[in-house]
Structure formats: C-alpha cells, structure tokens
Amino acid sequence: ERKNEARAPKQQVVALDETTVDPAVWGKNYPAQYESYMKTKEMVPGPGLFDTMSPETRTPTADDPRTQIMPQRNDEDPRITHMWAGYAFSKDYRHPRGHYYMLEDQRLTKRVQDFKQPGTCLNCHASMPTIYSKLGNGDQQAGFDKVNSMTYAEATKYAEHPVSCIDCHDPKTMKLRVTRPAFIRGIKALKASQGVTNFDPNTDATHNEMRTFVCAQCHVEYYFKGEGKTLTFPWDEGIDIDDIYSYYQKEGFTDWTHGETGAPMLKAQHPEFDIWSNGIHAENGVTCADCHMPYQSQGAQKVSDHNLTTPLKTVNASCMTCHHASDDEMIKRVEKIQGRFVHSRDQAFDALVQLIADIKAERDAHGDTADVKRAWEYQRKASFYLDYVYSENSHGFHAPDYTQRILNDVTDACRKGQLALKGVSDEQMQPSENTLADDKKVAQTRG
Amino acid sequence: ERKNEARAPKQQVVALDETTVDPAVWGKNYPAQYESYMKTKEMVPGPGLFDTMSPETRTPTADDPRTQIMPQRNDEDPRITHMWAGYAFSKDYRHPRGHYYMLEDQRLTKRVQDFKQPGTCLNCHASMPTIYSKLGNGDQQAGFDKVNSMTYAEATKYAEHPVSCIDCHDPKTMKLRVTRPAFIRGIKALKASQGVTNFDPNTDATHNEMRTFVCAQCHVEYYFKGEGKTLTFPWDEGIDIDDIYSYYQKEGFTDWTHGETGAPMLKAQHPEFDIWSNGIHAENGVTCADCHMPYQSQGAQKVSDHNLTTPLKTVNASCMTCHHASDDEMIKRVEKIQGRFVHSRDQAFDALVQLIADIKAERDAHGDTADVKRAWEYQRKASFYLDYVYSENSHGFHAPDYTQRILNDVTDACRKGQLALKGVSDEQMQPSENTLADDKKVAQTRG
Amino acid sequence: MGARSLRSWLTLQRVAAAVAIWVVGSLIGVGVFTLIYGKAYSYLGSDPVTCTNCHVMNKQYDGWTKGSHHNVATCNDCHTPHDSIVHKYWVKADDGVRHGFKFATNTYPENIQIRDTNLKIANDACLYCHSDFTSSIHQTVPEGEQLSCVHCHRDVGHK
Ligand SMILES: [Ca+2]
Ligand SMILES: [Ca+2]
C-alpha cells in the first residue's frame with residue numbers, strides 16, 4: 001500500500017557500514033545531501049545586521065596553512081580580554097566558519113597550539129564513531145573514555161574528517177541517531193530531572209526530538225569532569241541557567257583562575273541547545289533541523305539542506321511554512337530581537353569590565369581582602385551568566401526574553417560586586433520579602 | 001434557519017444619535033453586545049498564576065458606598081510606598097476592577113478624595129462625547145480643553161456613565177471611531193515621527209488599526225501638560241521608552257518631588273498600547289480586540305465579546321484562532337513569560353528601593369550634595385522605567401523581551417546611582433567604545 | 001479538558017442546553033435527534049457543501065475554497081481514511097454523531113481544534129497523495145513513526 005512505499009529504500013550504489021567514515025562515499029548514495037553538506041566550505045555571509053561571517057584572507061605560514069580565517073574576536077571587542085583574562089580564550093577566539101573547517105580550526109587555534117589540551121576536545125570536532133570503535137575495541141563508551149584521557153596532540157592523529165554522515169545517521173537504515181556518550185549521559189540526566197527515568201535517546205526519543213538531538217551533541221555548554229577529563233553536560237538539575245550554575249557550585253568546579261582578579265571562574269560555551277530549550281520554538285516542537293536544514297525540492301524529491309548556516313540565507317524555506325511575512329520583514333524581526341539583546345548585553349558587559357577593574361584596583365591596593373573575596377562570587381556568577389548568552393551564537397534569537405532575563409541577573413551581580421567592594425554588606429543588598437515570596441510562584445512557571 | 005441568521009441585517013429597535021449616552025438604550029438594538037458589556041461588573045478571577053482579580057468585601061461607609069473593592073497594592077507590596085513616596089499613588093493604588101466601575105472607582109479613590117485633581121482625570125473614566133459637546137457648545141476640542149481646566153469635583157458632575165457605546169462607535173453607522181482629542185493629537189504626532197504626516201485616525205486608520213486605537217485612547221502613558229492641564233501622550237519622538245523619556249527630558253516635565261530623596265520624578269501609567277506597540281503581536285497586526293474582545297458565536301452570529309477582561313478566561317476564543325495548543329498549555333506559556341518578568345522586575349525593584357534608601361541616608365547626613373544630585377538623575381530614570389513596566393498590566397506579556405530590556409536599564413541605573421553616592425564618577429561608569437559603536441546598529445533595528 | 005477550561009465551559013446557558021438535550025434525548029433517542037436536527041447524515045456524503053450544512057464548518061469551508069487544494073482534494077480526501085471502506089465509514093459515523101451532538105447542544109469551542117486521531121488521518125492523506133515526493137525524506141524516520149506534514153504545512157487545506 002502507498003503509505004508504506006514512503007519508506008522504500010533508495011537504491012544503493014555503494015554499501016555503507018559502521019566503518020564508512022568518508023562522506024564522499026555516502027555521497028554516492030545520497031548525492032544531493034552530500035553536495036549541500038560540502039557547501040559549509042563556502043563561507044557566504046548572511047543578510048542579517050549582526051551576521052558574523054566575514055572571513056579575512058591571510059598568507060599561509062608553515063604551521064598554519066589557512067588562507068582564509070575569521071577575525072579575532074578579542075580585537076573586535078577588547079572587553080573579552082578582561083572577561084577571560086588568564087584563560088586560553090583571551091588569546092584566540094573567532095566566530096565559527098562552518099562545519100567543513102571544524103577539525104582544521106581546532107587544530108590550528110592558539111588555544112590548542114599554545115596550550116595543552118586534552119583529547120576531550122576532539123569529541124565535537126571530528127567524526128568519532130570509528131575512532132571510539134578503534135580505541136575502545138568496539139566499545140564506544142570505552143573509546144570515549146580513552147579519547148578523553150589522551151592529549152589532544154595524540155588524539156587528533158586518529159581524526160580524518162569533520163562531523164560526517166555516520167555521526168548522525170545509522171549506515172544501514174539512515175535513521176537519525178546520536179553517537180556521543182556525553183550527550184547520551186546528559187540527556188538521560190536531564191530527562192530524569194524532569195521525571196522521565198532511564199531515557200535512551202536512540203530508542204526512546206521521538207523522531208522530532210532527534211531532529212534537535214543530533215545537533216545537541218555539540219551545540220551545548222560543557223565541562224571536563226575530574227581526572228579523566230570526561231566530557232560532561234551539566235544538566236542533572238535541569239536546563240535553566242540557575243540549575244546549571246547550582247550544579248557547578250555543588251560540583252565545586254572551576255575552569256580557571258582569573259588573571260586580573262584571582263577569582264575562581266567558569267567558562268560557558270555555545271549553549272545553543274540549552275537556550276533553545278527555554279524558548280517558544282522548543283515549546284512548539286520546532287527543531288534545529290526545521291530552521292537550519294530546511295527542505296529543498298530537488299526534482300521530484302525533497303531533501304534536507306545539509307549546508308548548516310544561518311537560516312537568514314533561506315528565510316523562505318526556513319520560516320515561511322510556519323510564518324507569513326516577506327523575507328525582509330522576517331529578517332527585520334530577527335534583527336529587532338537581536339538589537340535588544342545587543343543593547344542589554346553591552347550594558348551588562350560594561351558592568352562586568354568595570355567590576356573586574358575595581359577588584360583589580362582593590363587587590364593591588366590591599367590584597368585579597370574579605371571584600372575582594374565577596375566580589376569574586378559576584379564576578380564568578382556574572383561572568384558565567386554573561387558568557388552563557390555571549391557565547392551562544394544566535395544573538396538572543398533562540399529565546400529572546402529568557403536571554404534578557406539572564407542579562408538582568410548579570411547586570412545586578414556586577415554592580416552588587418562593585419558595591420561590595422565599597423563596603424556595602426550582603427544584607428543591605430538582599431532580596432526583599434516580596435521577592436522571596438514571588439520567587440516561589442516564579443519557580444512554578446519553570447521547567 | 002440558523003445558517004442564514006449569519007447575514008441577517010440588524011433590526012433597529014430604537015434610533016441612536018450623538019446624544020444617546022445610555023448604553024442600555026443602545027442595548028435595545030444590540031442586546032448581545034450590551035449583555036457582555038454589562039459583565040464587566042462581575043469581577044470573575046482569571047485562571048493565571050499572576051491574576052490580580054481578588055475583590056475584598058467591605059462595609060460601606062457614608063463617603064464610600066462600595067461593598068467590594070480590590071486590595072491596596074501598597075499593602076501587597078510596600079516597596080511601592082518608597083518608589084512613589086510623597087505622591088498620591090503611595091496612598092491608594094489598586095488593581096483595576098473592570099470598566100463598569102471606572103467612574104465610581106475614580107471618584108472614590110483617596111487620590112481624588114484626599115488630593116486636588118484636575119478635570120483632566122475624567123477623560124478616561126467616563127463617557128465623554130456628550131460632555132465635550134455640552135461644555136464646548138458642540139466643539140469637541142473646546143469641550144476637552146474646558147474639562148481639563150476644571151477641577152475634578154466640578155467636572156465629574158457632568159459624568160453619567162463609564163465608557164459607553166458612543167465612545168467607540170458612530171451611532172449612525174456603528175463604525176469604530178475615536179473620540180478623545182488627546183489620542184487624536186498623540187497618534188498624529190507618533191505617525192509623524194514615523195514619516196506619516198497629517199494622520200487622522202477617524203479617516204486614515206485601517207479598520208484593523210481601529211480595533212486597537214479605541215483602547216489606546218485610555219490604556220496609555222500620559223501626563224498633564226502646562227497650565228491648561230491638557231491631557232497629553234508623549235509620543236512626539238516615537239514610542240520606544242527611550243523616545244518617551246527623551247521627550248520628557250526635553251519638556252523638562254516633572255510629576256512630583258520625591259518624598260524621601262527630593263528627586264524630581266516622573267510617574268508612568270498603564271502603557272498597554274505603548275508596550276504592545278513594541279511586541280510581536282503588534283508586528284503581526286494582532287489587535288487588542290483580537291484577544292480581549294474575541295468573537296463568540298451566538299447561534300449563527302459572531303459577536304465581539306464586550307466583557308473586557310483577561311483573555312485567559314477565554315483562551316480558546318482569544319488565542320486559538322491563531323495558535324494551536326490546549327487551553328492549559330497556552331496559559332502555561334503566558335505564565336512562563338510572566339514568571340520571567342516578575343523575576344527581573346523584583347530584582348530591579350529591590351535595587352530601586354536600595355538606591356532610595358542610600359540617597360536618603362546620604363541626604364540626612366550631608367544634605368543635597370553633588371553626588372546626591374547625580375543620584376537623583378539615576379533615580380528619576382530608573383523609577384520611570386520601572387514604573388512603566390510595573391504599571392503596565394500584562395506582567396510583561398504584551399512584549400516580553402522588550403519589557404525585559406527595559407528592566408535591564410532599570411537595574412543598571414539603580415546600581416549606578418548607588419555607586420555614584422560612593423563617589424564613583426560618571427566617567428568610570430561610561431559605556432565602552434564597543435557599546436557606543438553597537439548602539440548605532442541597534443538604533444537601526446528600532447521603530 | 002482541564003479544570004480551568006471546564007470552569008469557563010460550564011456557563012449557565014450550556015448547562016441548561018445540555019440538560020434540555022438530555023431530557024429530549026431520553027424521550028426520542030439522542031442518536032436520531034442528532035442525525036436529523038444536527039444533519040449528521042451529511043458526514044456520509046462527499047460533497048464539501050454538505051459539510052457546510054453546519055455553519056460551524058463555514059470557516060474551514062471558506063479556507064478550503066481559498067486553499068491550494070481546492071481543485072485537487074475535497075474534505076473527505078483529507079478527513080477520512082483511505083485504507084479501507086469500513087474504516088472510512090466508521091470514522092464518518094463516529095465524527096458525524098459526535099459533532100452532530102455537539103452542534104445540536106452547542107457544546108463545541110469557539111475555535112474548533114482537530115483531534116489527534118483525525119490529525120493522523122489527515123497526515124495519512126498527505127502521504128496517500130504525496131508519498132513519492134516525500135519518500136526520500138521519510139527514509140530517516142523510524143518504523144511506526146511518521147513525519148508530521150502538518151507541523152510545517154498546517155495551512156494547505158484551509159488557507
Ligand atoms: Ca563550560
Ligand atoms: Ca505619566
């Protein structure tokens with residue numbers, strides 16, 4: 001019957017299995033998907049006012065053969081050097097170029113060249129299933145542990161390709177799958193915090209969830225846990241930023257010691273999934289693939305666009321099946337959200353930089369006084385919260401009011417830190433009775 | 001048969017003209033609308049977590065015959081008494097009860113009983129067209145000026161009804177119309193700031209715009225301009241809060257002098273239209289009437305529900321024309337937005353109260369020093385911005401991320417004011433180069 | 001229906017109507033009443049106009065006449081199963097009696113919302129006509145699950 005034809009297998013030109021890591025081989029069976037997948041090489045700027053795709057040409061050198069590279073964000077915005085003082089990110093941090101470059105960009109960043117990094121980094125920058133297999137003798141989890149415990153220099157030798165077909169698709173059935181142990185553990189913990197126990201995404205997720213989960217293997221906030229440097233997603237208490245911060249506090253985790261103030265710091269990285277989870281699109285089941293991999297007609301077939309980039313290049317296909325507006329109007333709406341984000345982000349960022357300057361001045365004058373230590377706490381929280389929305393790459397679009405709410409926490413914490421240094425006590429800055437009462441109601445609206 | 005009723009013309013039982021102010025008379029022709037209009041008397045609580053309809057019973061007294069009344073917001077949240085210290089609002093401020101009570105509640109509030117108010121107040125609390133006619137000898141504008149120049153006690157004698165059919169409908173054609181000179185002037189100025197000159201809502205507005213404009217006659221931020229106490233909407237530079245604040249600064253307007261700090265203050269009132277204008281629903285042409293006056297089938301007829309209240313009592317009719325979710329799910333979405341709003345609002349509010357306490361302490365100790373005067377500027381701005389979203393009655397729903405952005409401005413200004421008192425100079429708290437550069441981009445996304 | 005919506009649903013008018021119908025129904029039989037007064041028999045036909053025997057279907061009918069499928073699919077092409085004649089008439093009867101009863105008793109919401117079972121039927125219908133075009137995108141979907149066409153193409157039938 002016709003309904004079932006839908007799943008009739010494509011004719012297979014080559015046989016694919018768990019050892020087929022080269023996307024070009026998969027491309028023989030799926031030329032349209034392969035072709036668009038290869039387009040992540042092209043670095044085409046998008047139309048948005050806050051678009052970040054602006055590659056610069058450079059003369060290749062012996063240790064860095066790249067002829068094009070994205071501008072240094074530390075030059076673009078020197079506030080970064082203060083926020084991340086003493087940490088590798090303050091030396092080299094750029095906008096992403098595209099999936100095609102993920103392995104090359106990682107190998108060549110100063111964060112790897114000038115600093116010792118663990119193999120853990122590789123998990124999100126290369127095609128991993130075959131590496132896990134090899135290193136774990138067929139056991140993915142064992143391979144994962146092995147990668148994490150190696151040095152980056154060692155581990156990267158095993159890598160041949162950036163994220164490839166095999167990372168997201170089962171080679172036999174083409175079904176979506178997740179292949180990263182860190183995600184499998186993380187999502188299980190997150191679902192448990194929501195009352196769903198023993199969740200295994202590869203068997204229990206809906207197909208629609210998988211259209212987000214394949215991306216959520218990498219586009220998430222993470223840290224390296226313990227001696228084993230195990231890649232870990234901090235979702236055990238939930239996926240509101242307060243839950244995540246509380247998790248780190250209980251874990252007693254610290255990424256680095258701040259270079260200008262001495263505070264024990266946390267770094268946040270690209271929490272696209274985390275923030276999307278708190279937005280209205282997630283609430284409506286709108287997935288990453290819906291916007292970033294819109295269907296395109298290719299002759300008599302529909303195919304998912306595997307050129308992962310800003311959806312503003314494809315607004316019509318990405319947005320207009322659900323929204324009704326002109327392309328320009330749709331882009332304007334995104335820009336308006338992003339403009340508000342940039343306004344609040346800058347306000348919060350200036351406050352953070354001023355807090356850092358104040359702590360530094362106080363330390364230089366009087367050493368690590370009790371007030372400096374109190375200010376550290378404000379800095380640690382403010383910096384993590386700001387970083388969380390700064391390192392998220394949608395400029396606030398994925399969850400506009402949630403992102404703004406986080407920025408309010410940042411501004412408040414920075415300024416309180418400054419006041420603490422002026423001798424204002426924590427009691428004088430405490431939340432009022434009304435706030436404490438409202439907090440209980442607000443808690444009911446979360447999750 | 002029922003199907004045909006839908007198109008049947010209305011039969012006119014009584015003739016209506018510009019003198020028919022009694023809604024009961026209009027109700028003879030339009031019983032369904034009248035019936036729902038009268039329901040604003042009922043004070044039914046809505047289902048939302050942040051619903052404010054909680055009338056209390058009271059024993060009527062000689063000068064106040066009300067048997068039911070909404071709780072005092074000053075008791076609910078004592079922070080109000082600091083925010084508005086020295087102003088009538090700090091003596092009596094309640095949640096709205098409903099249109100049925102607008103005239104009675106105004107006459108009986110302590111803000112009128114214990115303070116001298118101008119006739120201007122009446123413009124939004126009574127059916128006005130016949131009053132304007134009478135006082136202006138047929139000239140609405142002249143009548144309006146007259147009302148403004150009277151005392152409230154005088155003016156209110158002319159009032160017979162709360163807002164009535166004639167305020168929004170042309171009695172001959174039933175077409176929507178606006179009847180308030182303040183709105184007609186205000187919207188003309190606003191449109192001019194957007195490049196549309198000589199706009200007259202009664203002839204140039206689309207029908208869809210009118211579905212918002214009838215409400216925007218009253219649900220807006222206003223002030224009493226000049227000696228004539230002319231009711232004025234501050235929209236000449238635009239309807240972003242920064243435009244409005246800039247307007248007041250140029251105007252040099254001040255509502256009152258703060259009782260605890262001596263700062264020159266501005267009061268903001270119910271800017272529902274103003275904030276809605278900055279939200280995604282406005283961008284999509286979704287009007288006040290769409291949500292607050294949903295169509296209700298009466299047999300085969302569609303009738304606009306004239307029971308103006310929270311749309312959460314009618315989620316299916318109010319929202320599901322456009323959205324697809326269960327009633328409960330839809331209410332949860334609203335609550336989530338409101339929860340985030342309450343969180344940031346409380347954070348900002350606590351900061352404001354602490355700023356006020358600091359200024360007061362400083363003054364008590366040293367008088368109106370230069371730092372106190374600098375702190376006043378922060379207080380004036382922060383208080384107006386907070387009031388603007390606090391006095392707006394949707395708890396952030398009408399424009400979630402815009403409202404949050406305003407709150408970031410509040411938190412920043414309060415804390416800066418506190419720092420100023422500690423001797424931190426304005427230069428040390430200035431926006432960075434990056435912020436100034438970004439501001440230019442952000443400006444492009446506005447309006 | 002949650003407790004919240006139940007509260008707003010239970011207006012005096014509706015309760016009165018429901019009670020009245022219950023009385024009438026117990027005398028002459030709800031089924032027959034519904035079928036005749038509510039014109040539920042309309043469900044058995046296939047002409048879209050018969051659906052508008054109930055004015056509550058007008059909005060969808062209007063949408064359909066403006067929609068992209070006006071010339072290629074009638075109501076029943078999307079709202080009744082294509083797999084077997086028995087299933088088809090079972091669904092028609094089920095919907096017919098249910099909707100007829102609700103129509104007659106005025107107990108349907110202002111904005112009608114399709115039930116999950118009927119949404120599934122509509123989605124099957126999409127695939128009935130378009131499975132060739134969508135076979136490629138379907139290969140990644142696990143057995144027993146279906147891509148929800150309506151997730152993106154909500155408007156095809158009615159706008
Ligand atoms: Ca991290
Ligand atoms: Ca005002």
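Residue numbering restarts at 1 for every chain, and letters A, B, ... go by the order of the sequence lines. When reading the values below, keep in mind they use all heavy atoms of this one structure, side chains included, and skip hydrogens, waters and symmetry mates.
- Ranked by non-hydrogen atom pairs under 4.5 Å with chain A, the options B:Val342, B:Asp77, B:Val410 are led by B:Asp77.
- Heavy atoms of B:Val353 lying under 4.5 Å from chain A are absent altogether.
- Inter-residue side-chain proximity for B:Arg415 and A:Lys416 is flagged as met; some heavy-atom pair is nearer than 4.5 Å.
- Only the side chain of B:Gln354 has a heavy atom closer than 4.5 Å to any heavy atom of chain A.
- Each of A:Asp409, A:Leu407, A:Val424 has some count of heavy-atom pairs under 4.5 Å with chain B, and the biggest count is that of A:Asp409.
- Closest non-hydrogen pair, A:Asp350 versus B:Ser432, comes out as OD1-OG, 2.7 Å.
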| message | Let's go through B:Arg333 and A:Asn284 carefully: what are the C-alpha distance in whole Å and the side-chain angles of both, what is the deciding distance for side chain to side chain contact (heavy atoms under 4.5 Å, CB included) to 0.1 Å, and is it a yes or a no? | response | CA-CA 10 Å; B:Arg333 285 186 200 164; A:Asn284 281 278; 3.4 Å; yes
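- For the pair B:Ile406/A:Arg340, no side-chain contact is recorded, criterion being any heavy-atom separation below 4.5 Å from C-beta on.
- Interface summary for chain B: among A:Glu335, A:Gln338, A:Gln430, A:His343, the most heavy-atom pairs under 4.5 angstrom belong to A:His343.
- Among the candidates A:His324, A:Gln347, A:Lys422, the residue making the largest number of heavy-atom pairs closer than 4.5 Å to chain B is A:Gln347.
- Of the listed residues (B:Leu419, B:Thr403, B:Ile280), the one with the most heavy-atom contacts under 4.5 Å to chain A is B:Leu419.
- Side chains of A:Thr435 and B:Arg345: a donor-acceptor N/O pair is absent below 3.5 angstrom, by distance only.
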| message | Set out, in order, the CA-CA distance, both residues' side-chain angles and the distance that settles side chain to side chain contact (heavy atoms under 4.5 Å, CB included) for B:Glu283 and A:Lys332, then state yes or no. | response | CA-CA 10 Å; B:Glu283 238 163 324; A:Lys332 283 223 184 73; 5.6 Å; no
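- Proximity of a side-chain donor or acceptor of A:Lys441 to a complementary backbone N or O of B:Leu49 within less than 3.5 Å is detected.
- When the candidates B:Gln428, B:Glu76, B:Arg79 are compared by the number of heavy-atom contacts under 4.5 Å with chain A, B:Arg79 comes out ahead.
- For a residue to count as touching a neighbouring chain, one of its non-hydrogen atoms must lie under 4.5 Å from one of that chain's; by this rule B:Phe341 does not touch chain A.
- Contact of B:Asn408 with chain A is made through backbone and side chain together, with heavy-atom distances under 4.5 Å.
- Under 3.5 Å, the side chains of B:Asp412 and A:Thr411 contain no donor-acceptor pair of N or O atoms.
- Ranking A:Arg405, A:Glu329, A:His323, A:Gln418 against chain B, the residue ahead of the rest is A:Arg405, based on heavy-atom pairs under 4.5 Å.
- Proximity to chain A is absent for every atom of B:Asp358, based on heavy atoms less than 4.5 angstrom apart.
- At a threshold of 4.5 Å between non-hydrogen side-chain atoms, the residues A:Asn434 and B:Phe349 do not count as touching.
- If you measure heavy-atom distances from B:Ile337 to chain A, the contacts under 4.5 Å come from both the backbone and the side chain.
- No other option in B:Ala325, B:Ala351, B:Ser344, B:Gly423 has as many heavy-atom pairs under 4.5 Å with chain A as B:Ser344.
- Contacts between B:Glu433 and chain A at a heavy-atom distance below 4.5 Å are absent for every atom of the residue.
- Rounding to the nearest 0.5 Å gives a distance of 10.0 Å between NZ of B:Lys336 and OH of A:Tyr402.
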